[in-house]
Amino acid sequence: MDKKNSNKSFGVLFFIVFLLIALWPLFKGDSLRIWSLLIAVIFLVLGLLNSKILNPFKRIWIKFGEILGKVIAPLVLSIVYFIVITPIGLLLRIFGKDLLGIKFLEKKSYWIKRDKDLGSMKNQF
């Protein structure tokens, strides 16, 4: 995406965000947030004019997103691992299941013979 469209979309995005912040109290019966409405209009004007004033704000926003991604992704994956995968693994061990067939057994070979012939592998695709 080129910088011209990027500044414009950044300005419009923050216009929408601050407009929602300004209008949110109206849903609860409170009064409009004027400060947020002013910031929204400023972002809209700067975005539509494609102002270079938005460049530092955009860089800060991108850095914030990168930092957030480095923190949130491992956190969410850790939570999923310890809340979902670990209990399933423990239950499978308790019931003695070996879904992958990796238990060490006293066999000559671990080769699994197929019942059905797969045919030639010449034309795979």
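For the numbers below, each heavy atom of this structure counts, side chains included, while hydrogens, waters and symmetry mates do not. If you read the sequence from its start, that first residue is 1, and numbering goes on from there.
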Minimum heavy-atom distance between Leu48 and Lys8, given as atom pair plus value |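 For Leu48 and Lys8, the tightest heavy-atom pair comes out as O-CE, 4.4 Å.
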Are the side chains of [X] and [Y] in touch, meaning some heavy atoms are under 4.5 Å apart?
{"X": "Phe43", "Y": "Phe10", "value": "yes"}
{"X": "Trp111", "Y": "Lys113", "value": "yes"}
{"X": "Ile39", "Y": "Leu37", "value": "no"}
{"X": "Phe18", "Y": "Leu38", "value": "no"}

Do the side chains of [X] and [Y] join up, straight or via other hydrophobic residues, at under 4.5 Å, putting them in one cluster?
{"X": "Leu54", "Y": "Ile62", "result": "no"}
{"X": "Ile16", "Y": "Ile34", "result": "yes"}
{"X": "Phe15", "Y": "Leu23", "result": "yes"}
{"X": "Leu32", "Y": "Leu19", "result": "yes"}
{"X": "Val17", "Y": "Ile53", "result": "yes"}

Assess whether side chain to side chain contact (heavy atoms under 4.5 Å, CB included) is satisfied between Phe57 and Phe14, documenting all intermediate values.
-> CA-CA 10 Å; Phe57 294 113; Phe14 271 83; over 6 Å; no
Out of curiosity, Leu20 CG to Ser36 OG, how far, rounded to the nearest 0.5 Å?
->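 Rounded to the nearest 0.5 Å, the CG-OG separation comes out at 8.5 Å.
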What's the spacing between Trp24 CH2 and Asp30 CG if we round to 0.5 Å?
-> 12.0 Å
Side chain of Ser9, backbone of Ser6: donor and acceptor closer than 3.5 Å?
-> yes
Are the side chain of Arg33 and the backbone of Pro25 linked by a donor-acceptor contact shorter than 3.5 Å?
-> no
Would Asn7 and Lys52 count as a side chain to side chain donor-acceptor pair (under 3.5 Å) if you check the C-alpha gap in whole Å, the side-chain angles of each, and the deciding distance to 0.1 Å?
-> CA-CA 8 Å; Asn7 277 345; Lys52 292 183 184 193; over 6 Å; no
I would like to know whether Leu46 and Leu44 meet side chain to side chain contact (heavy atoms under 4.5 Å, CB included); could you show each step before the answer?
-> CA-CA 6 Å; Leu46 290 175; Leu44 179 65; over 6 Å; no
Which donor-acceptor pairs under 3.5 Å do the side chains of residues 66-89 make with protein atoms, sequence neighbours left out?
| residue | atom | partner | partner atom | Å |
| --- | --- | --- | --- | --- |
| Ser78 | OG | Pro74 | O | 2.7 |
| Thr86 | OG1 | Tyr81 | O | 3.1 |

